[in-house]
Every structure is written in C-alpha cells, then in structure tokens.
Amino acid sequence: METFTKNSNEITFTHQSNDVDYDLIYQCQLGNTESFKTLINNYKEKVRNMIYSFTHNLTAVEDITQDVFVKIYYSLNKFSFKSKFSTWLYKITLNKCRDYLRRKKILSFFIPLDENVYSADFTDTLEKKETIQIIRQSINKLSSKLKEVIILRDIEQLNYEEISTILNCNEGTVKSRLFRAREKLKYYLGPYKNDIGL
Amino acid sequence: MKNEQKDLINRYLDGEMTESEKADFEEIIKNSKELKRNINNQKHLLDKLKAIGTLPKNENITKNILEMLHFRRESDMKKYVSVVGIVLLTIVFLIFYKFKSNDLDKFVEEQKNNLVSYYTTNLKPLFTGSELNSDDVFLFAFNHIIPVDKDKNQFLKIGYDNNGQDYFELVSGKVQRDLILKKDFEKRFNLNSEEVTRLNELLEKYKEKISEQIVVGQNNSIGISQNLWTLNKAIAAEILQYTQRINRNMYDEIIPYQSSEIANDDIYKLVQTSISSGSNNYVFFTPDTIFSTPIEPVQIGSYTNVKPPNLENKHIAFAFNLDTTCRVYKNKVRSDFKFTMNIDSNIIKIEVPDFQVSNIDSILLKVELIQDKLNRRLQIDLQNDLKHLKQLEKLHKLQFKIPDIDSIVDISLKHIETDKTIPNIDSIINIEIKKYKRPIKNEVVQIPNIDSIVMVSLNNLTVLKDLKICIPNIDSIVRSSLKSVNSNNADKKNFHPRKRIIRSQSSETDSVSVIIKTENEKTEK
C-alpha cells in the first residue's frame with residue numbers, strides 16, 4: 001500500500017492504491033503542469049475514441065476532448081483518490097457526450113441533421129458504406145442506455161465494476177442492459193451479417 | 001436460441017464464469033455445433049465492436065488543451081481582477097462617502113460655484129441708461145420690448161406664453177408691427193406739453209433700472225433679470241396711474257372699465273418692489289449652458305461698450321416657470337361657467353362652480369389686462385378708400401368690416417390727417433360687425449376710437465331721433481354738423497351742434513348702433 005503525506009515544504013508519498021495515476025494527479029494538484037500533460041497524453045486517445053463512439057462527429061470529438069480535460073484540470077482538487085482516475089475521467093467524458101447529444105437533439109428540431117449522423121437504410125448498397133460505418137450506424141440506433149453500456153463494455157473494454165460506477169447503477173443492471181444491447185445490435189446487423197462476416 | 005443460452009454465451013465470452021462453470025460449458029460446446037456457431041458469431045460481433053473504436057491520432061490535442069487552459073486562466077484572472085477592483089472601489093467610495101459626505105457635497109457645490117463665478121465675473125450692463133430714451137421706456141412698458149442694440153436692430157422681448165409662463169426672446173430683425181407708441185398715447189389722452197414733460201420725467205427714472213436688468217459677462221455670457229417682468233408692470237402701472245389722474249374721463253373710456261381701478265397703494269408697492277436695490281435672480285446664457293443665480297447690484301459694474309455675444313442671426317427664447325400674471329388661473333375662470341340657482345320660498349341658493357384664484361398680487365393681473373387691451377389694435381387704412389371717395393361726388397355707403405369687436409379697444413386711422421374732414425360722410429357708414437359677443441341690454445359698450453376724425457358731417461339725414469348710425473368712432477366726435485335734417489320730431493331750435501352725451505346700445509343683431517341724443521332728451525332707449 002502506498003500513502004500520500006504532505007508537509008509544508010516536503011512532499012513524500014507512498015502509493016496507497018494500485019492506480020498509477022495518483023502521483024500524477026497529486027503533482028497536478030501541486031501545480032505541476034508537466035504531470036497534467038502526461039495525464040493528457042496517457043488518456044487523450046481513449047477519450048477521443050469514446051467520444052467518437054457516442055457522437056460520430058469528428059469536430060465534436062476535438063471540442064469535447066478539450067472540454068473534458070479542462071474540466072478535469074479544474075476539478076483535480078476535488079478528486080478524492082477513492083476510485084480510479086480512469087473511471088472518473090470516463091464519467092466526465094460520458095456526461096459531456098450526453099450534453100452534446102441533448103443539445104444536438106434539440107437543434108435537430110430546427111436545423112437539418114449533421115452529415116455524420118447515419119440513418120439506417122437497408123437498401124443502401126455496401127459499396128457506399130464500410131463495415132465499421134454499418135456497425136456504428138446500428139449502434140446509433142440503440143437507445144441511449146443500451147448504447148452507453150455496449151460502447152463502454154464492448155468498444156472501450158471497461159469492466160462491469162467500472163461501468164456500474166460510471167453509469168451509477170449496479171452490475172446486474174449493467175449486465176442486463178448489455179445483453180439486450182447485443183441482441184438488439186444483432187437484429188440491426190442481421191441484413192448485413194453476410195457482408196460484414198457475422 | 002433461448003435467452004438462458006445467450007446469457008451463458010455472453011458470460012463465457014466476457015469471462016464472467018468461474019473455472020468450474022467454464023469447464024462445464026466448454027464440454028457442452030464440444031457436443032453442440034449450433035452452440036459453437038452461436039458462440040463464434042457472438043465472438044465475431046464482439047471483435048468487430050472492439051475494432052471500431054480507434055480514431056487517427058491527433059498530435060495537437062495536448063497542445064490545444066494546454067493553450068485553452070492558459071487562456072482560461074488569463075481570462076479568469078482578468079475577470080477576478082476587474083470584479084475585485086470594482087468591489088474595492090465601491091467599498092472605498094462607501095467609506096469615503098460615509099465619513100466625508102459633507103466634503104463631497106462641498107466639492108460638487110464648489111464646482112458649480114466655480115462655473116457660475118466664471119460666467120458672472122466682471123458683469124456690466126449691456127447698455128447704459130443714457131442709450132434709452134423715454135420712448136424706449138414707454139415701448140417697454142406697453143410693448144414689452146427693449147432695444148438692445150439699435151444699430152443692429154436687436155432687441156429683447158418679454159412676454160407670457162399660453163400657459164402663463166414668462167419668457168423672453170433675444171431677437172434680431174424688425175420690430176413687430178402695431179406698436180403702441182408714446183406719441184399715440186399722448187395724443188389719445190390729449191396730453192398737453194406740460195403733461196408730456198411730466199410723463200417723460202416719470203419714464204426717465206426707470207432708464208437706469210432697465211439697463212441693470214440685462215448684463216454681459218466677460219466670458220461670453222449674457223444675463224437677464226427676472227425682475228424685468230415686475231419692472232415692466234410697474235412702469236405701465238405708474239403711467240396709467242398718471243394718465244388716470246390727469247384725464248379721468250378719457251382714461252375710463254379707453255381703459256376697460258373692469259380693470260380701471262388700481263389702488264394707488266398697490267401701485268406704490270409694485271413700483272418699490274421693482275426698483276428695490278436687493279439682489280435679483282438672473283438667467284445667464286453662455287455658449288454651453290444656461291443657469292440662474294442671484295446677482296447683487298454691487299456685482300454689476302459700470303457700463304462699457306460691450307455688445308451681446310453672438311446675437312446676430314440668433315433667436316433665443318427662454319421660458320420661466322414663473323407665472324407673474326396668474327394667467328393660468330385666469331384661464332380657469334371661464335365666463336361660460338354655469339351658476340345653478342335654486343329658489344325656494346324663503347331661500348335662494350346659488351351654487352357657484354369651483355375655480356381657483358391665485359393669491360398673487362392682483363395688481364399684476366390688472367396691469368396685464370390693461371396692457372393686453374391696449375396692445376390689441378385694429379387699424380383701418382382708409383387712405384385708399386378715401387381717395388376713391390374723393391373721386392366720387394356722392395357715396396351712399398361705405399362699408400368697413402371689423403372682424404372682432406370683442407378685442408377692439410381703439411381703431412386708429414393712420415395716414416389720415418386729422419384736420420381734414422372726411423367728405424361726404426353724410427352717408428351712412430355701415431360697419432358690419434360680426435361675432436359681437438356682448439349683446440347685453442343697456443350695457444355701456446366701449447366704442448372704438450377714431451381719434452383722428454374730428455368732424456363727422458352728417459348730411460341728408462332723414463331721422464334724428466332713433467337714428468342708428470354705425471360709426472367706427474364716436475368717442476372723439478367733438479362736433480357734428482347736422483344739415484338738412486328732416487325729422488317729424490326735430491326741433492331745430494333745440495338742436496345744438498356740440499358735444500353730445502353719447503350712449504351706445506348694442507343690438508342683438510350683429511351690429512353696433514349708436515343713438516345720438518340731444519341734451520333735452522332724458523329718456524333712454
């Protein structure tokens with residue numbers, strides 16, 4: 001176990017948990033910009049990919065990524081070291097994505113849908129779409145609760161414990177939603193299963 | 001596939017099974033091709049899902065994030081600094097104002113006084129009293145104008161607007177027409193030379209006082225005293241009092257009888273007020289401001305040849321919120337107010353409509369009424385008509401149309417020589433008067449004057465008694481010549497061509513008629 005202690009002029013720490021990010025966070029809390037830079041580099045791609053999985057909008061990915069890390073930076077002092085940093089990071093990322101999707105839904109009443117939003121059309125020919133796009137399109141058709149759980153589990157490869165913390169529900173609910181999400185996804189991918197090798 | 005099987009497949013692929021569960025499940029898989037196929041399909045799906053989450057890397061994202069943080073820090077700092085700054089300033093100001101509010105008020109007052117003293121430094125009268133003559137003083141009394149610069153035809157005019165507010169105008173240009181001139185006034189009241197001299201002396205004493213009412217400062221400011229209005233009325237009142245004393249009959253005939261009585265004490269008080277040597281409130285015009293401030297007489301220096309600044313081609317009008325005439329109250333007293341009268345056996349109750357009357361000194365109102373009446377003049381230029389007349393041997397009718405007799409005080413026939421008799425006026429001069437508003441029986445009506453007609457020749461009249469003659473002016477008919485009068489009741493012996501007692505009687509038709517009576521007749525019509 002490692003513990004953190006801080007004196008007025010001296011910093012000593014020993015790790016109290018197996019989260020390797022804790023020392024970086026602690027350094028960030030002391031004002032070490034380089035530590036924060038390291039944190040960004042460690043997680044930026046995961047955050048970007050996660051955001052893209054939810055939003056399918058490359059512009060939104062960069063904007064939301066910046067927002068996430070800015071929020072992290074200003075909230076570092078509130079980090080209690082009781083959970084993993086990654087879990088906390090993904091939770092903030094998910095919330096930002098939800099905000100974005102909510103705004104987009106409201107806007108969609110007034111303006112045409114973004115080009116990056118895929119609409120399901122089984123009559124589309126495969127020449128026009130790649131496999132990944134088909135899968136993303138199908139994921140996008142899921143309800144928000146099912147979409148979140150399938151992205152976090154099957155795309156981001158988070159475990160049930162992390163997912164339940166992020167979604168603020170118990171593991172049984174996560175497993176149940178995941179089961180339904182996969183079944184639904186198989187249904188949406190049914191017409192394409194030969195083409196995408198399912 | 002049943003849900004239970006699906007759940008097992010998911011648990012197996014997710015690694016959620018225990019070792020023993022996993023071993024048992026794998027045994028089942030070995031023996032079931034369908035289960036194997038389903039597991040493979042599910043595995044393929046999960047592999048596909050695993051593979052779709054990778055975007056091309058963005059090397060700049062870290063730099064962008066750090067730049068954004070730096071920018072936010074700066075803007076937050078600025079925000080905090082400005083907020084803190086404002087809060088600190090507010091606190092400092094509150095503390096300062098709490099303990100030093102008097103100082104602040106003093107400071108503001110000082111600055112105001114500095115501005116006032118800047119513009120009221122080195123005040124001098126705009127013109128000296130010697131630049132005015134008695135005609136100018138008279139002009140001011142009854143026409144409300146003062147010549148400020150006679151060379152440039154600039155004058156100050158004071159007056160009252162419809163709401164009773166005093167105002168003055170600094171005007172360049174021609175003087176208004178229809179002025180009451182001193183010489184006309186003297187003629188009207190038949191003042192002899194001695195009386196004219198005394199009138200001039202009366203006017204002389206106001207010259208210096210008038211000159212003090214308009215001052216000029218060294219910094220392009222001009223100041224006008226609010227005492228001007230009172231002074232205007234005081235001069236008018238004194239003139240009227242004088243003329244009333246020397247020619248009561250003429251005064252009563254000319255001045256509206258309702259306003260003719262002004263107590264001597266009131267006039268004295270008014271005059272004293274206007275010429276008092278205390279401080280007066282002056283309104284100052286400057287290039288960039290207008291303000292009023294009291295000025296002591298000692299602040300006004302001696303006259304030097306200073307002209308008003310920038311008065312050419314400029315028309316300045318300024319209205320005070322001071323009603324020295326109670327005109328606004330007078331307007332509320334309407335003549336068509338209905339009085340309700342209830343008569344019972346032992347009581348008569350009269351309900352008087354409610355109206356407000358100012359408690360201002362009534363003399364000012366009386367003087368104003370007189371000035372108003374004297375100011376309204378109607379001119380009939382008979383010159384062209386008379387030229388025409390002269391060419392005719394006979395003229396039976398000569399018609400004048402006078403639009404509104406209500407406001408007529410005098411009619412002055414200009415351009416007519418007074419010693420000329422008007423020829424052939426034996427024909428009826430019929431004045432068609434419309435809108436005559438006093439059709440009240442037996443009321444003595446003020447008849448307009450034509451003071452230049454000395455003689456009216458009445459020829460070829462068929463009726464003397466009950467003769468209805470419509471004449472513009474009977475007031476100054478001194479002589480009348482009655483020739484060839486044919487009347488059933490005429491008694492030539494008793495008819496004397498001298499001044500008659502004149503009474504007028506208005507009819508309910510729109511005309512003014514005059515009945516000339518002989519001295520022997522006592523009954524009235």
Side-chain angles (χ1 to χ4, degrees), chain A residues 33-34 36-54 58 61-63 65-70 72-74 130-136 138-139 150-157 159-160 171 175-176 178-183 185-186 189 192-193 196-198, chain B residues 1-18 21-22 25 33-80 83:
Chain A
T33 314
E34 285 304 314
F36 186 68
K37 199 172 168 182
T38 308
L39 264 181
I40 296 174
N41 290 331
N42 289 349
Y43 285 97
K44 64 181 180 182
E45 298 307 329
K46 284 186 182 176
V47 168
R48 288 178 71 242
N49 288 323
M50 183 175 168
I51 293 169
Y52 187 70
S53 297
F54 281 106
L58 291 170
V61 165
E62 309 307 330
D63 292 339
T65 306
Q66 289 179 23
D67 286 347
V68 165
F69 283 101
V70 167
I72 292 287
Y73 178 83
Y74 282 109
E130 296 177 12
T131 305
I132 293 175
Q133 287 182 1
I134 294 170
I135 297 173
R136 286 197 185 277
S138 301
I139 293 174
I150 203 166
I151 288 173
L152 291 173
R153 174 65 189 163
D154 293 333
I155 298 176
E156 300 302 322
Q157 299 293 300
N159 60 39
Y160 288 118
E171 286 185 31
K175 288 175 185 174
S176 166
L178 186 64
F179 177 81
R180 284 188 284 129
R182 285 171 177 170
E183 291 304 305
L185 192 61
K186 275 196 284 193
L189 290 172
Y192 305 99
K193 63 179 179 182
I196 59 175
L198 285 180
Chain B
M1 188 168 44
K2 290 181 182 177
N3 281 346
E4 286 172 7
Q5 198 180 65
K6 288 176 186 176
D7 185 50
L8 282 170
I9 292 171
N10 280 323
R11 283 181 65 215
Y12 174 71
L13 292 173
D14 288 339
E16 294 289 312
M17 283 182 172
T18 60
E21 281 176 336
K22 189 177 173 183
F25 192 64
K33 284 184 184 174
E34 188 186 348
L35 186 59
K36 208 173 189 177
R37 191 173 64 247
N38 290 335
I39 288 171
N40 285 336
N41 286 340
Q42 189 75 341
K43 199 167 179 295
H44 276 131
L45 174 62
L46 294 179
D47 290 339
K48 294 284 183 195
L49 289 174
K50 208 172 172 180
I52 67 170
T54 306
L55 279 176
K57 286 191 179 182
N58 184 348
E59 299 300 332
N60 294 325
I61 190 73
T62 307
K63 182 183 155 201
N64 293 343
I65 292 168
L66 291 174
E67 277 176 4
M68 181 181 270
L69 281 171
H70 181 70
F71 171 76
R72 280 223 185 160
R73 261 201 302 271
E74 277 186 351
S75 59
D76 286 347
M77 280 299 294
K78 284 181 191 170
K79 211 190 314 180
Y80 291 137
V83 168

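Naming convention: chains lettered A, B, ... in sequence-line order (proteins, then strands); numbering from 1 in each chain.
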Side chain, backbone, both or neither: which part of A:Q157 has an atom under 4.5 Å from a heavy atom of chain B?
side chain
Let me know if A:Y73 has heavy atoms under 4.5 Å from chain B in its side chain, its backbone, both or neither.
side chain
Part of B:L66 within contact of chain A (heavy atom distance under 4.5 Å):
side chain
Under 4.5 Å from any heavy atom of chain B - which part of A:R182
both
Tell me, side chain or backbone of A:V68 under 4.5 Å from chain B's heavy atoms, or both, or neither?
neither
With distance as the sole criterion, is a donor-acceptor pair present between the side chains of B:N58 and A:E62 under 3.5 Å?
yes
Closest non-hydrogen atom pair between A:F179 and B:D7, with its separation:
CE1-N, 3.5 Å
A:L185 portion near chain B, given a 4.5 angstrom heavy-atom threshold:
side chain
Taking only residues two or more places apart in sequence or in another chain, which ones pass side chain to side chain donor-acceptor pair (under 3.5 Å) with A:K175?
B:E16
Minimum side-chain heavy-atom gap A:N49-A:I155 below 4.5 Å
no
With chain B, the option among A:Q66, A:R48, A:R153 that has the most non-hydrogen atom pairs under 4.5 Å is A:R48
Who among B:I61, B:L46, B:D14 has the most heavy-atom pairs with chain A under 4.5 Å?
B:D14
Is the B:F25 ring parallel, tilted or perpendicular to the B:Y12 ring (thresholds 30°, 60°)?
tilted
Here the pair of heavy atoms bringing A:R136 nearest to A:S53 is NH1-CA, 3.4 Å
